[in-house]
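The basis for the numbers below is simple: all heavy atoms, side chains too, and nothing from hydrogens, waters or symmetry mates.
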Amino acid sequence: KCKYFCIYDCVRLPLRVLYVDFLCSVSCWVIFKSCFLSKLGVCNSRCVLFSVSADIHTEAVQAALAKHKEEKMALPMPTKRRSTYVQSPVENHTPPDSSSGSEDETSVRRQSTVIAPPPAVNPNLQSPDSWINHSVQGSSTSSSASSTMSHGEAKPQPQSQPQPQPQPQYRPQYQPLYQPQYQLQEPPRVPVSSRVSTKIQQLLNTLKRPKRPPLSEFFTDDSEEIVEVPQPDPNTPKPEGRQTIPVKGEPLGVVSNWPPALQAALARWGATQGKSPALTALDITGKPLYTLTYGKLWSRSVKLAYTLLNKLGTKNEQILKPGDRVALVYPNSDPGMFWVAFYGCLLAEVIPVPIEVPLSRKDAGISQVGFLLGSCGVGLALTSEICLKGLPKTPAGEILQFKGWPRLKWVVTDSKYLTKPSKDWQPHIPTANTDPAYIEYKANKEGTVVGVAVSKVAMLTHCQALTQACNYCEGETLVNVLDFKKDMGLWHGVLTAVMNRIHTISVPYAVMKACPLSWVQRVHIHKARVALVKCRDLHWAMMAHRDQRDTSLASLRNLIVADGANPWSVSSCDAFLNVFQSHGLKPEVICPCATSPEAMTVAIRRPGVPGAPLPARAILSLGGLSHGVIRVNTEDKNSALTVQDVGHVMPGALMCVVKPDGPPQLCKTDEIGEIIVNSRAGGNMYYGLPGVTKNTFEVIPVNANGVPIGEIPFVRSGLLGFVGPGSLIFVVGKIEGLLMVSGRRHNADDLVATALAVEPVKTVYRGRIAVFSVTVFYDERVVIVAEQRPDASEEDSFQWMSRVLQAIDSIHQVGLYCLALVPANTLPKTPLGGIHISDTKQFFLDGNLHPCNILMCPHTCVTNLPKPRQKQPVGVGPASVMVGNLVAGKRIAQAAGRDLGMIEDQDLVRKHQYLTEALHWRAQTDPDHVLYVLLNAKGVTVGTATCVQLHKRAEKIAAALTEKGSINTGENVVLLYPPGIDLIAAFYGCLYAGCVPVTVRPPHPQNLAATLPTVRMIIDVSKAACILTTQNLTRILRSKEAALSVNIKTWPTIIDTDDLPRRRPPQIYKPPTAEMIAYLDFSVSTTGMLTGVKISHAAVSALCRSIKLQCELYSSRQIAICLDPYCGLGFVLWCLASVYSGHQSILIPPFELESCLSLWLSTLSQYRIRDTFCSYSVMELCTKGLGTQTDLLKARGVNLSCVRSCVVIAEERPRLALTHSFSKLFKDVGLSPRAVSTAFGSRVNLAICLQGTTGPDPCTVYVDMKSLRHDRVRLVERGAPQSLPLMESGKILPGVRVIIVNPETRGPLGDSHLGEIWVNSPHNASGYYTIYGEESLQADHFNTKLSFGDPQTLWARTGYLGFVKRTELLAASGDRHDALFVVGSLDETLELRGLRYHPIDIETSVSRAHRSIAESAVFTWTNLLVVVSELCGSEQDALDLVPLITNVVLEEHHLIVGVVVIVDPGVIPINSRGEKQRMHLRDSFLADQLDPIYVAYNM
């Protein structure tokens, strides 16, 4: 009996399967070897058929996973804090039924088999039967159909070493009706330049700005420079067949009694067959609720038509007129009301627009439905009384206004509200024409809902074509499980049914969930001849069939499978047939079809003749399909795809297959393309959208030369497929489900099937899986989202996700970007229970998905990253670089502040050589001049210090040091004070006694465990002989709490300065030389290093003088300082500058702002301050806390118009976003936008730049980030892609010179290069204070010489990268101004992929990724980039951040994030200057001390 048989040897499977396709009525599997039968434990061949055919794909997946079996996970499982995801109560999240699936998905696995041709066959002699196992004319209706081009030209895929293959030597078994009369030629290419006229080009050339590249250079897509373009694989399969020809369906039969319009058919049956049943509706239990006869349907429809046209408005006003659009809003459980409303609209000649019932404002896609109603101009909605009561309402009882919806008038269509027409009124039934009859809604891939308009003649012709194709007869019974408002449910169950007086039994979705076998029971009870189902319904019935053994399906002559075009429908049909064949189901009645809203029914398999051969199956390679070609699966036997045909083209239709991308060029015979159809029975347009309509409904196919093959327009169906032997149509997917990844096509349904085949599926719900792609870094990335079962453990979920990744990678050769599991019932649903894909995708991109488990795999799927930069060995000396710069016209990058000048008055020199002398001099000459004013949180003065008061207090402290502490000259003394005047007095007391002061931030009383060890460390490192502090802090240092953190018995001598004897030192110490150390400046750097630098008396004097000149400070001036006074420029301004210059300093301790945010700004306004200094912490506090209270500040009289200069003191790149925000927010209270500027200092030089009172405003430039990563500076325009704004770090101080140097070669660089900033200045620090005297370290940083250029000058290395740019602005001297731009710390830069990244840039991108990210920090760990983000929102948002962070870093910085850590606010350590301590954070992460909310390891 067998005509064809093939033995498929499964290399990766332990069993051999022999597949035999019989030409008898039943196809079955024959399993050889008794051992196989014993393993399966089967008793009969039918069970064998079902178990094997349903689990083929599972076996393929298991085989694919076998190679991963022994592999250990390279990265640890994600860690999650237990409180992150608390399972919601059962009543809030009812677990979905395990068998519930979407309307477009089934839980039956696709039959993706391991089938391949026998090894013995010569690969060069493959026939079409190697991928079509059998072809036969399915019915007499196909005899007139045209056949397509032969597929015999397909060559086998070349192996790893391609060799020339001979042409196949066989003749095709089927020949085309005609041959194409042209040759394949490449279309001529038009040069781009020829498209622009010469005059326009000349005009563009004249408009180019001088000294600036053309704008096109900044704003063109530079992906070609960035993306690594993969080289084409020579083994990639390419189409090799001949060009296809259009396929013609059988002629549409001419029947004499066809009605002229569908309404005429209803009128005929209503008059002649009034008691004939038209519709039976079921209740929730599956029992008949009511039956609508044709007589009642006609009379009620006429009533509704009369009411719509005559009774809605006032007597003189007609609300509706023919051609108006009306929304039909009826639930799926009430088909009768819908039928009446639909036909009533047709009779009234208004256009019905059926939509789903809105349940809430948060319905999936609700606003897009509003777009549909708006584009169709709908102002009236018909509904039932029960449905109207169930609609969401406002407190006033009115129907809620849904988002994006136009205002609707709601009309109830229940019979009691309808008016019976007068006897002389009859509805007008014209002959069917091209006017729209109804509008069917359709949601596209992006979620936009459009309306497909179907004309009256198309509706009638479609009914005629379906009647002919399905052999409908009068009086038949049809069971409809589909949605009756659209698609097949509407076309067959509502329209064609009335055309042929068919009795339709409508089975709602709710009934199917309660009783999955209900439709089978209805077929049995009513002896139904036709059933309309989906694969989901086949599966549900098959799972529940044991409950009913006495049902019979023998009456069925046509079982139409609406989604039979899906590749995974094969196993559903086979398994259902296998189970119900014993119940009378005949194999030839199963009729899959292919449909789309635009083209309507594209193809349908005709009902077969008993005993006729079974239809064809195509066994295709998934690898070939991904390249858009048809190939036999010869290499990887795990990735074969078996698809069934969907019959022949519809009667009267013409069909082509064209390329889905670009012009609609006809495909080759072995090529997958989009099916396009020309037919009178199809959609006409997208209503109200003429632009989109043209691209879909008016397609003219072209040949390989680009020449149209005719003039008739075709309609795009959105289906991907090909034409097989005998003109049978095969569909392998939809355009909407197509994922284009790295130039290859993948079907979303195929990926779903593979995921479900990973056994055991105890982790997720079948049918609750969404697959889509997101665009990240110039390519599509595959994302899978599934609903997790409540009882699934973390480990089970992670293992299942890992296996899904491996299976998809092995079978589909595509890497998953993200796999997320969400709690049950949380994904947005379609009305019939399916997953709303576009809304799910939008939730994912917006960070609103709230997954409970997530796995990111960017390392495997992102293959287009640019190649890592290979640093070239330094073969060119610095001298050559310098000469090259000069030849290129680039000057050496250096800049200098104005000259300090010479002080001619030697007496003045003597007075100001040492600060102690300056204070003594001021105490004598101007004793009552107030130098310092200290404010508290209320703005009240709590302390002042005149010159003489400060002098006398310093004397007392010097006496105490000599007497109590027995301190010798030159010893170090730690000053442990809160910000205030005591700290200043203690500092000068130390200088009076000849000691070296070391200012240290006091420990926080509520956090001794964290802050006291740092104090102890500085005391130990500085070898302090004594501690000066207050009475309160003395108690804290000796407390039991302190003893838990440090050894309190080994403190140096502690002197309480609150109560000092009134004694004076015998003399004020005068250093023998100005190069002696004045004080030690200790600070913790951002890299976590505690460094102390030595500041000499000469440096102090020079620095104070430089600041005095830059800021024009003198005795009558007032400045306000809101800084921490413990290190750097903050200490200089707080303690030193006033004594030197004589100006008054108003001191505002930053911690006081925690009690009163407006303290600093109120002080500026109250004292009319012109110059103020603050830190970024203070500015950020004011911006976040007072940004919304500017009106309140104004009401309090705060006016900042007096402020001329507000300088932010920092040792980092200027925070441009923060300074701009501050300026904009407080512009309303008078702050000048020019006032805010920044300063820059470092460990080696405490003040390099400081915005002064004269000179140009700080300038901002935009640099190209790609160039910056290569240590080059390329200026671009504002808004250019990949641009980074940088603000000048203040003006260079007088006496300071800077030069940009290559940190490796130590040679000077040109203007266009990024390099280390070296500084030469009289106030450079003398060196690091080290207890071991590491002179090499000191010499390297403080006494460095250039390797070329100026080898004599001694420079200090700041450790910061930056560049110098000569601006068009003029300095005070009249020369062009040289601006210094600081980019970042050299020690903090991240060397990744051979490029230099600055953490602040990545952190800025991360902070923009989601509203719940408060702060972030990055560092590297074993060559992986680690991102730590503080979550300021709900812990439910924690896992949403993982993909968003990964996306933004990949998009903007071309880096793959290795680890994402989500922590609580405040976990990222920040020092007193507001700088992140990233190395401390790294140490805490490695020591597992962060207590993270979630840690994701991106695989």
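- Across all their heavy atoms, M542 and F576 have their closest contact at SD-N, 3.9 Å.
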- prompt: Under the salt bridge (charged side-chain N to carboxylate O under 4.0 Å, His left out) criterion, do K486 and E356 qualify, and how do the steps go?
  reply: CA-CA 10 Å; K486 62 173 187 171; E356 304 298 339; 5.3 Å; no
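- C591 and N558 make their closest contact through SG-OD1, 3.0 Å (heavy atoms, listed as atom of the first residue, atom of the second, distance).
- Scanning all heavy atoms of the two residues, the minimum distance from A341 to L382 falls at CB-CD1, 4.4 Å.
- The main-chain N or O of G647 is never found under 3.5 Å from a side-chain atom of R606 such that the two would form a donor-acceptor pair.
- Side-chain atoms of T280 and H503 form a donor-acceptor pair, as typed in the model, at a separation below 3.5 Å.
- In this structure a side-chain-to-backbone donor-acceptor pair under 3.5 Å is present from T383 to V329.
- By the side-chain contact (heavy atoms from CB on, under 4.5 Å) test, Q426 is found to be paired with no residue, residues two or more places apart in sequence or in another chain being considered.
- Taking both residues in full, the closest heavy atoms of M512 and S518 are given as SD-OG, 3.7 Å, listed atom of the first, atom of the second, then distance.
- Two residues are said to be in side-chain contact when any heavy atoms from C-beta on lie closer than 4.5 Å; K303 and P421 meet this criterion.
- Side chain of D563 to main chain of C535: a donor-acceptor pair is present (N/O by atom type, distance under 3.5 Å, no hydrogens or angles).
- Considering only residues two or more places apart in sequence or on other chains, C573 meets the side-chain contact (heavy atoms from CB on, under 4.5 Å) condition with L538, V561, I590, Q644.
- No more than 12 heavy atoms of other residues, nucleotides or ligands shown are found within 6.0 angstrom of NZ on K420.
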